Amino acid sequence: MDSSARNPFGWSRRRCLALGLGAAAAPGLAAAAASESSLASLARAKGLRFGSAVGAGRAGSLTGTFDDPRYRQLLAAECGALVPENELKWYVLRPDAATFAFERADRIAAFAREHALALRGHCLLWHHPRWFPAWLNSHDFGSQPAAAAEKLLVDHITTVCGRYPQIDSWDVVNETIDADTGVLRETVLSKAMGQRVLDVAFHAARAAAPKARLVYNDYMGWDAADANHRAGVLRLLEGFKARGVPVDALGVQSHIGAAPEGGAGAGFGQPKETAWRAFLDQVTGMGYDLLITEFDINDKGLPGDIAVRDRAVADYGRAYLDLMLSYPQLKEVMAWGLVDKYSWLRNLSPRPDGLAKRPTLYDDDYQAKPLREAVATALRAAPARG
Ligand code: XIL
């Protein structure tokens, strides 16, 4: 018997069970269930991929947003790809120099496989001491530090890529440019083996994941204050090209903020858009593809009124996505979470009025917000890529 009539979305009992739901799916979710109107489908129709980050918890914990069945249901309904939010980072994966703690990433990888979702990897080397595990920051590399550091790094990359052959797009190096100065960050690894640590990471990733898209990922923006950051990223990408390092794309994190000046959600305007396009033109001119890897919108500076705020966020997101999607080199759009209450921005630098931030496509009750419609509209309007 077809049991679809037993739940509000017409989903089969099998699908509900597979998502970890009871036969009656959670109420209140406008489910697209990989339907033609899902963001995944709208993206796919243009040769793009849409997906989201999801967290299965930090080291020492096996709980995370991934444990929420309604969230899993929404991810399966809207996404064509997932990316673990923290679970592939050294500070979760590597409790010490000898151990790999794969269980949290494994859960996300298994879910992606079950639902035929692609998987992105983030990230093989977050080259920033703040994000190294403590043991690594004080690691003793012995009498031949360059060789020991290289072995540790290459073993890590080979093991992690080998564990998840389904990952077809990897942030290999993350945030290695100092945002203020534009110079390369130093870590214990670069101190031991020099800045060729970055090239080594990409070569190791290519060897371990020969078919994957290899990405340098960073958060440079378009403001005048970001000029050094942009210049540093360009220098890095030029160097990769000159040395024949296997880097396929720039990941533009896209943690953007809807600033109140010039009217809420006024979009880019001039000359910010000019500077940003000049940057993207240079990146694509070198032959790199582009990805939006961590899209969300910080509404900290916007008025408290929810309708006004959500509208401004949506308009700003639409303007941003229209610009980004005008580049045929843009291949993936990943949101950094899909539900406001699970966003990393919720508790990071709170709003002065104490109201909860609303940075994602769905509200705390899993209802689509204007930003979800703005993303859909931008995808529908996007030129198809080859
Ligand atoms: C963030 C996660 O969302 C948080 O849960 C975690 O505590 C810190 O990292 N740039 C990145 C991401 O490349 O890895 C960061 O993710 C957000 C900024």
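Remember, predicted model here, so these are calculated numbers, not experimental data. In listed order, ligands and their atoms are each counted from 1.
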### Query
Which of the atoms in ligand 1, numbered in the order shown and given with their element, are less than 4.0 Å from a heavy-atom of E294?
10 (N), 11 (C), 12 (C), 13 (O), 17 (C), 18 (C)
### Message
Heavy atoms only: which of V83, T293, N86 lies closest to atom 6 (C) of ligand 1?
### Response
N86
### Summary
Under 4.0 Å from one or more heavy atoms of H255, ligand 1 contributes atoms 17 (C), 18 (C)
### Among V173, L214, V245, side chain to side chain contact (heavy atoms under 4.5 Å, CB included) partner for F240
V245
### Query
Could an N or O of ligand 1 be found under 3.5 Å from any N or O of W344, whether backbone or side chain?
no
### Message
With the threshold set at under 4.0 angstrom, would you say Y219 reaches ligand 1 through any of its heavy atoms?
### Response
no
### Message
Can you name the atoms of ligand 1, numbered from 1 with element, that are less than 4.0 Å from a heavy atom of Q253?
### Response
10 (N), 11 (C), 13 (O), 18 (C)
### Query
Parallel under 30°, tilted from 30 to 60°, perpendicular over 60°: which one fits the rings of Y164 and F102?
perpendicular
### Message
If the cut-off is 4.0 Å to any non-hydrogen atom of Y91, which atoms of ligand 1 fall inside it?
### Response
6 (C), 8 (C), 9 (O)
### Task
Using a strict 4.0 Å threshold on nitrogen-to-oxygen distance, state whether D340 and K369 make a salt bridge.
yes
### Query
Any idea which heavy atoms bring E85 and W344 closest together, and the distance?
OE2-CB, 3.9 Å
### Task
Within a distance under 4.0 Å of any heavy atom of E85, pick out the atoms of ligand 1 and give their elements.
2 (C), 3 (O), 4 (C), 5 (O)
### Message
Taking the basic N atoms (NZ, or NE/NH1/NH2) and the acidic carboxylate oxygens, is any pair closer than 4.0 Å for R120 and D171?
### Response
yes
### Task
Give a yes/no verdict on a cation-pi contact between K89 and F132, requiring under 6.0 Å between NZ or CZ and the six-membered ring centre and an angle within 45° of the axis.
no
### Task
From the options H122, E175, K89, R130, select the one whose nearest heavy atom is closest to atom 16 (O) of ligand 1.
K89
### Query
If you count the atoms of ligand 1 from 1 in the order shown, which ones are under 4.0 Å from a heavy atom of W126?
9 (O), 14 (O), 15 (C)
### Task
Let me see the working for D353 and K300 under salt bridge (Lys or Arg N to Asp or Glu O under 4.0 Å), right down to the final yes or no.
CA-CA 9 Å; D353 58 14; K300 184 173 180 180; over 6 Å; no
